[in-house]
Each structure stands twice: as C-alpha cells, then as structure tokens.
Trainee: 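First the structure, then my questions, so here it is.
Per chain, numbering begins at 1; letters A, B, ... match sequence-line order.
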There are 2 protein chains.
Amino acid sequence: MTKPTPDPRHTLTLRDVSEASGVSEMTVSRVLRNRGDVSAPTREKVLEAARTLGYVPNKIAGALASQRVNLVGVVIPSLSNMVFPEVMTGISSVLDGTGLQPVVGVTNYLPDREETVIYEMLSWRPSGMIIAGLEHTDAARAMLNRAGIPIVEIMDIDGDPINHAVGISHRRAGRQMAEAIIAAGYRKIAFLGTQMPNDHRARKRLEGFEEALAKAGLTLVDREFYSGGSALLKGREMTAAILARNPDVDFLYYSNDMIGAGGLLHCLAEGLDVPGKIGLAGFNGVELLDGLPRKLATMDACRLEIGKRAAEIIAGKLIPAEKLELFPTLQPGDTIRG
Amino acid sequence: MTKPTPDPRHTLTLRDVSEASGVSEMTVSRVLRNRGDVSAPTREKVLEAARTLGYVPNKIAGALASQRVNLVGVVIPSLSNMVFPEVMTGISSVLDGTGLQPVVGVTNYLPDREETVIYEMLSWRPSGMIIAGLEHTDAARAMLNRAGIPIVEIMDIDGDPINHAVGISHRRAGRQMAEAIIAAGYRKIAFLGTQMPNDHRARKRLEGFEEALAKAGLTLVDREFYSGGSALLKGREMTAAILARNPDVDFLYYSNDMIGAGGLLHCLAEGLDVPGKIGLAGFNGVELLDGLPRKLATMDACRLEIGKRAAEIIAGKLIPAEKLELFPTLQPGDTIRG
DNA sequence: TCTGCTAGTGTTACCGCTAACAGCCGCCGG
DNA sequence: CCGGCGGCTGTTAGCGGTAACACTAGCAGA
C-alpha cells in the first residue's frame with residue numbers, strides 16, 4: 001500500500017455517523033463527548049456506528065464551535081539538553097488527567113524564532129502557555145498579554161513575569177555555589193561555559209557567582225566558552241586549555257553538568273587530585289552524573305517540579321501566585337572538599 | 001500583572017481589522033495570507049491596522065474553512081533518549097521552509113498510549129504523520145489507513161509499512177555488528193540491554209545479532225537487562241554483574257550507547273585490557289561518545305537523515321517509495337581489536 | 001464605441017461542529 | 001384533568017475564517 005489511502009468515501013463527519021445510527025448529529029455529538037443525557041440504547045447504537053465506520057472527530061470544527069481548545073503551548077529553547085525533556089515529563093504527568101494536551105515548540109535560543117513560535121501557537125487559541133524564561137521580544141510579550149489565557153514562564157524567576165513565573169533564582173544559585181566553594185577554601189577559581197548570549201539563565205548564574213566572589217574579594221582567574229559539538233568533549237578540551245594556561249587554578253565552575261562531566265573525566269585521566277588539589281562543580285543535577293566514576297558537585301534545577309507546578313497553574317489546580325520560587329539543593333558530590 | 005489579562009475588548013477577529021482599515025474581511029484575509037492581488041496601499045493599511053491592534057489570526061477557523069492544516073504529527077516513544085531529539089532536528093530542518101509545522105506526541109513505548117496519541121492527532125486533521133516504528137495496535141493502523149494523509153513510519157524497515165517507511169534494518173544492524181565481532185576473534189559474547197518488550201527495534205537488533213552468532217556456531221554466553229534509572233550507571237552495574245558471573249567473557253554488546261559508555265567506564269576503571277582482552281560495542285552513534293576517554297564501537301542509526309527524508313516525503317519533496325532503507329555505518333572506535 | 005481582459009475588491013455560502021433552546025413524551029401532584 | 005417537570009432528542013444559528021465567484025473600473029485592441 002503505497003498511496004495515501006485509496007479511500008472510496010470522503011472524510012467522515014458527524015453526519016455519516018448520524019445517518020448510520022439513525023439519530024441526529026447533535027445526539028451523536030453528545031454521545032461522543034459524554035455530555036448531556038442520552039439513553040443507554042441510543043448511546044450504544046451511536047458508539048457502535050462510530051466504531052465500525054472508524055470515525056475520528058474533527059477537533060477543528062469542535063473547537064471553533066465551542067470556543068474551547070484543549071491544547072497547552074509549551075515553548076522551550078531546546079530538546080537536546082536533557083533538561084527540558086524532564087520539564088516535559090512533569091508537565092505531562094499533571095496534564096494527563098485533565099484532558100489538556102501539551103504542544104511543544106522549540107526556539108533554539110533565538111528570540112525571533114521564539115516570537116514566531118509563540119505567534120503560531122497563539123493562532124491555535126490554546127488554553128494556556130508555558131514558556132521557558134522571562135526574556136522575550138516586545139512583540140511576543142504584547143501578544144501574550146493580549147491573549148487572555150494563563151501564561152506561565154518557567155525555569156527562572158529573576159525578572160518580571162507576564163502573568164506567572166515558576167522556577168528558581170539562577171542568580172542565587174550561582175551565589176550559593178560560589179559561597180560553598182569559597183567556604184571550602186578554594187581561591188583560584190575559573191569558569192567554563194557556553195557561548196550563548198541568549199541563555200539568560202546561564203548568564204544569571206555566572207553573574208550571581210561573580211557577585212559572591214567579589215564579596216569575598218575574589219575574581220575569576222580565567223574563563224572559557226564554547227558553542228556546538230559534544231558537550232562532554234568540549235568539557236575535556238576546555239578544561240585542558242584552562243589548566244594549561246593556569247596551572248595553579250584550584251576550582252573549575254561549569255555552566256552545566258555535561259561539560260563538567262567532561263572536565264571531571266579529564267582531571268581523573270590526568271591523575272589530578274580531585275577534590276584535594278582541584279575542585280569542580282556543574283549545574284543541573286542530571287541523571288548522567290550518577291554513572292560517573294566520581295560524583296560531580298552540582299545543583300539540582302527542580303526541573304520536574306517546575307513542570308508540574310506550571311501545569312497545575314494552567315489546569316487551575318494551583319492558586320496562582322505571581323512568582324513561585326523553588327529552591328534548588330546543592331549536591332556537593334565528591335568534587336568539593338568537605 | 002497576575003490576572004490572565006483584564007482585556008477590555010473581546011478577542012480580535014478579522015472583522016476588527018477590517019473595520020479598522022476600512023476594507024472587507026476578505027481583503028484583510030488576503031493580505032494576511034499573502035494570497036491574491038491586493039494593491040500596495042491597501043496592503044499597507046491592513047498590515048498597519050493588524051499590527052497596531054495586535055491581531056493574531058485564528059487558525060482554527062482558517063483551517064476549517066480552507067480544509068487545510070499546516071500541521072504534521074510526529075509520534076515518538078520518548079524524548080529522554082537523545083535519539084529522538086535528533087530525528088526532530090532533521091524533521092524541523094526540512095519542514096522549516098515549507099510552512100508545515102511538526103507537533104510532537106510521546107508514547108512512552110506504550111501501544112495503547114500510542115493509539116490515543118494518534119487518535120488525538122488525527123482529530124486535528126494534520127497534513128501528514130510521522131510515526132516511529134512499524135508496530136501499532138490494529139485500531140491505530142485502521143485509523144491511519146483511513147486518514148487519507150501521507151503516513152511515514154520511521155526508524156525501522158523490518159516489517160510492513162502502512163504507507164511509507166524510512167529507516168534502517170535493525171536486524172541487519174545486529175547481524176553486521178555480530179559479524180564484525182566474530183571476525184575480530186571474540187567468541188564469548190554477552191548482551192546487555194533494556195527490559196522493554198515494546199522496544200521492537202532493540203529486539204530486532206538482538207535477533208539479528210543472535211542469528212549471526214548462530215551462523216558462526218556461537219550463542220550468547222550471558223545476558224542482562226535493566227529498566228529505569230541512569231543508563232550510564234546501569235551500564236556500569238550490569239557490566240560488573242556480568243563480569244562477576246562470567247570472568248572469561250570477551251565481548252559485551254550493549255543495546256544502546258549510554259549503557260555501553262557506562263560499561264566502558266567500568267572496564268577502564270577496573271583496568272581491563274580493552275579491546276585486547278575484552279571488547280565492547282553499543283548502538284546509536286551518540287555524540288556523547290566523542291567525549292569519553294576511549295571511543296566506544298557503535299553503529300550510527302542515521303537519525304538525522306531519517307528525520308529529513310520522512311519530512312521530505314510529507315512535504316512532497318521526495319518521490320515516495322514504500323520503503324526507503326538507509327545504511328548505518330559501523331564505527332569500530334577503540335573497543336574492538338582491529 | 002464596444003468588447004474583452006485584468007487588477008483589485010466585495011458577496012455569498014459554506015467548513016464540521018456545538019450552545020442554546022425548542023420540542024416531545026410520560027409521569028407526578030394537586 | 002391540567003400544569004409542570006425531568007429525561008431525551010431535534011432544530012437553529014452561529015464560531016471565524018476562506019473558496020469561489022461576482023462585480024467594478026480602467027484600459028487595450030478592433
């Protein structure tokens with residue numbers, strides 16, 4: 001069967017089911033939606049007819065008529081990140097019981113693309129939108145404002161939400177990590193991260209980090225950025241580069257766990273004394289770390305719970321506060337001396 | 001701003017733009033869709049009005065009227081797999097130029113859930129569907145058959161497609177890997193994989209693998225399965241378990257790269273002679289492998305190209321053959337002796 | 001001058017479904 | 001015996017757009 005179905009009949013509509021079962025379209029509609037009173041025998045007849053015909057309702061028409069759409073737009077920067085899939089899991093787990101369905105859009109960290117994705121989604125008149133981050137184009141903010149649906153911005157709460165925000169303070173997260181590092185006695189600290197001007201959360205973490213360093217009279221002794229390629233590999237390479245330039249550096253702070261893991265592998269391969277002579281830390285708390293020879297220090301980003309809470313707000317299960325702050329826990333692992 | 005927009009006006013429609021710009025709704029529609037002849041001044045007026053009002057078209061109404069929907073349903077088992085995001089990248093890269101938009105649905109490897117997801121998607125009358133795998137419930141197959149749209153089943157071609165299939169032969173992939181392993185002189189071979197009865201592709205690989213072993217008069221000396229948890233960690237644990245049970249095993253074939261990477265880390269930590277005394281191989285060709293201390297042997301699953309070809313078929317850019325087979329390349333890495 | 005054509009615009013009739021309301025029937029209490 | 005009510009079903013009028021066609025003016029060619 002190579003052709004797109006040599007279908008004899010036209011596409012099925014309520015009318016077809018109605019004729020096949022001998023009742024009005026309205027009654028069929030009621031049966032299929034489980035709404036209103038329909039007698040048991042009629043219900044059976046209709047379901048039988050729908051089943052044998054293989055009728056699939058047309059939600060487009062349904063949505064237009066009822067002015068109700070069971071879709072929730074979810075706008076995220078990337079899928080290859082391991083962090084957003086987990087947010088999605090949280091969202092789905094809550095939405096599953098509600099009849100609402102998530103629809104994902106990916107922006108690749110591009111503001112213009114985000115604007116387009118939001119526009120496209122809004123044009124389907126979803127019941128709500130969940131969007132990563134608080135930074136959007138003016139046009140996007142305007143559209144979201146006008147949409148008249150609940151908007152939940154997730155992951156970050158350092159800024160002004162359009163509607164509601166659920167997330168952690170990345171600035172605070174960076175600060176906390178810096179404080180822990182300083183408390184452990186490290187002094188020559190370097191930063192390794194992504195070259196992404198639009199990854200505002202990574203940026204805010206670094207800002208918070210440097211802020212705390214400054215308060216202790218320290219500054220970063222070096223920094224290194226990358227973009228593209230295997231994060232694990234880049235982590236190794238960047239670490240090698242930093243260590244070559246600064247043999248006396250005693251701590252490496254990575255903007256995410258993946259490059260941190262690469263760095264850790266490099267240090268172990270070089271036989272460096274971790275965490276004695278050199279400490280390392282990442283960010284996110286990804287599951288992958290559990291499998292490494294040594295546990296990288298990290299900070300859990302509350303991804304699952306962020307997804308759940310956001311979905312609960314959309315589903316009306318949560319009293320919506322403007323900002324819902326979650327608090328990540330620092331996991332010292334084996335790469336900060338205790 | 002905590003309330004879902006205390007909007008003064010009702011939701012905007014074409015009529016609003018039409019009144020604001022002094023032309024008919026039809027002309028506004030033409031301008032906004034860039035269809036038909038509209039004079040430059042009129043076009044300007046309309047665009048200006050739409051922009052200042054902040055009008056977002058209602059695709060639901062548009063789709064109903066035009067009987068055209070620019071959506072392509074993509075049904076995949078999981079997002080946390082690293083393999084499907086790459087397929088998505090391929091799909092998006094092709095669809096981006098066409099006005100078509102992918103909508104993702106996730107099944108978690110559950111056939112019933114897949115059926116539901118397909119039903120939901122079809123009820124939005126998409127222009128095409130891309131679905132991972134060839135195994136579906138009868139009801140799902142029936143619905144897809146009736147839908148009258150192009151259906152592309154991806155990843156796998158060992159079976160009967162509904163419409164079109166784009167993918168690799170996992171059975172052949174398993175066979176090839178076995179042949180390479182045997183050719184390299186390994187004889188005591190064990191398998192480590194996921195406990196997922198519905199991961200048909202992993203199953204087929206194993207079948208092909210054992211088939212080739214049998215042809216050489218060999219059988220698996222041991223096997224180990226897992227489910228859930230950090231794949232990397234599970235890989236370590238399972239590898240430790242197998243090696244404890246069978247100290248003389250000389251090759252470990254993993255059903256995916258992630259557990260393979262865990263196994264590799266374990267072997268290296270134990271100081272085993274890889275690939276001299278023991279060889280390892282995974283499957284997928286994930287980017288992560290580039291960052292490991294040693295390169296795991298693997299087989300690229302052509303994910304990006306599968307996504308592209310599938311999207312091309314949907315977009316009508318590719319003459320649709322029933323089966324489009326792609327051929328993965330074996331990447332021996334450093335874990336099979338050469 | 002008239003016809004024919006084209007560019008630009010408006011009119012009409014839906015698309016497939018559902019909200020809202022209008023029947024109809026049988027049964028109850030007064 | 002009647003009004004009223006609840007259970008069930010049908011009818012009507014859209015939802016907000018677009019296809020298809022109708023119309024108008026302006027201009028070229030006969």
Trainee: On DNA chain C, which is the earliest and which the latest nucleotide, 5' to 3', with an atom closer than 4.0 Å to a heavy atom of chain B?
Mentor: C:dG8 to C:dG16
Trainee: Side chains of residues 93-103 of chain B: which donor-acceptor partners sit under 3.5 Å, not counting sequence neighbours?
Mentor:
residue, atom, partner, partner atom, Å
B:S93, OG, B:G90, O, 2.8
B:T98, OG1, B:L95, O, 2.7
B:T98, OG1, B:L100, N, 3.1

Trainee: Are there more than 12 heavy atoms of other residues, nucleotides or ligands under 6.0 Å from atom NZ of B:K45?
Mentor: yes
Trainee: Any side-chain N or O of B:Y55 less than 4.0 Å from the OP1 or OP2 oxygen of D:dG16?
Mentor: no
Trainee: Starting from the first five and the last five pairs of the helix from C:dT1-D:dA30 to C:dG30-D:dC1, work out the angle between the resulting helix axes, to 10 degrees.
Mentor: 50°
Trainee: Less than 3.5 Å apart, which donor and acceptor atoms pair up between the side chains of residues 48-57 of chain A and the rest of the protein, not counting sequence neighbours?
Mentor:
residue, atom, partner, partner atom, Å
A:E48, OE1, A:R51, NH1, 3.4
A:T52, OG1, A:E48, O, 3.3
A:T52, OG1, A:A49, O, 3.2

Trainee: Measure the distance from CG on B:L64 to P on D:dG14 and round it to the nearest whole Å.
Mentor: 17 Å
Trainee: Tell me which of B:R43 and A:A63 sits closer to the 5' end of DNA chain C, going by the nucleotide each one is nearest to.
Mentor: B:R43
Trainee: Is a side-chain donor-acceptor pair under 3.5 Å present for A:T42 with A:S39?
Mentor: yes
Trainee: Taking 4.0 angstrom as the limit, do A:R303 and A:E86 come out as a salt bridge?
Mentor: yes
Trainee: Can you tell me if A:S24 touches the phosphate of D:dG10, counting only side-chain N or O atoms and a distance under 4.0 Å to OP1 or OP2?
Mentor: yes
Trainee: Give the minimum heavy-atom separation between A:V106 and A:R113, together with the two atoms involved.
Mentor: O-NE, 3.4 Å
Trainee: Please report the closest heavy-atom contact between A:M121 and A:P126, naming both atoms and the distance.
Mentor: O-CD, 3.2 Å
Trainee: Round to a whole Å and report the spacing from CG of B:L14 to C1' of D:dA19.
Mentor: 14 Å
Trainee: May I ask you to verify if any side-chain N or O of A:Q67 is less than 4.0 angstrom from the OP1 or OP2 atom of D:dG16?
Mentor: yes
Trainee: Out of B:L110, B:T107, B:D199, which one pairs with B:P77 under the side chain to side chain contact (heavy atoms under 4.5 Å, CB included) rule?
Mentor: B:T107
Trainee: Between residues 25-39 of chain B and DNA chain C, which residues have a heavy-atom gap below 4.0 Å?
Mentor: B:M26, B:T27, B:R30, B:D37, B:V38, B:S39
Trainee: Is it true that A:E114 and A:H136 share a donor-acceptor pair across their side chains at a distance under 3.5 Å?
Mentor: yes
Trainee: For a side chain to side chain donor-acceptor pair (under 3.5 Å) check, start with the C-alpha distance between B:S24 and B:T27, then their side-chain angles and the critical distance, and finish with the verdict.
Mentor: CA-CA 5 Å; B:S24 72; B:T27 300; 3.2 Å; yes
Trainee: To the nearest angstrom, how far is A:W124 atom CH2 from D:dG16 atom P?
Mentor: 15 Å
Trainee: With sequence neighbours left out, what residues match B:R33 under salt bridge (Lys or Arg N to Asp or Glu O under 4.0 Å)?
Mentor: none
Trainee: How many whole angstroms separate atom CD1 of B:I60 from atom P of D:dT18?
Mentor: 13 Å
Trainee: Check the distance between D:dC15's C1' and B:K59's NZ and give it to me in whole angstrom.
Mentor: 19 Å
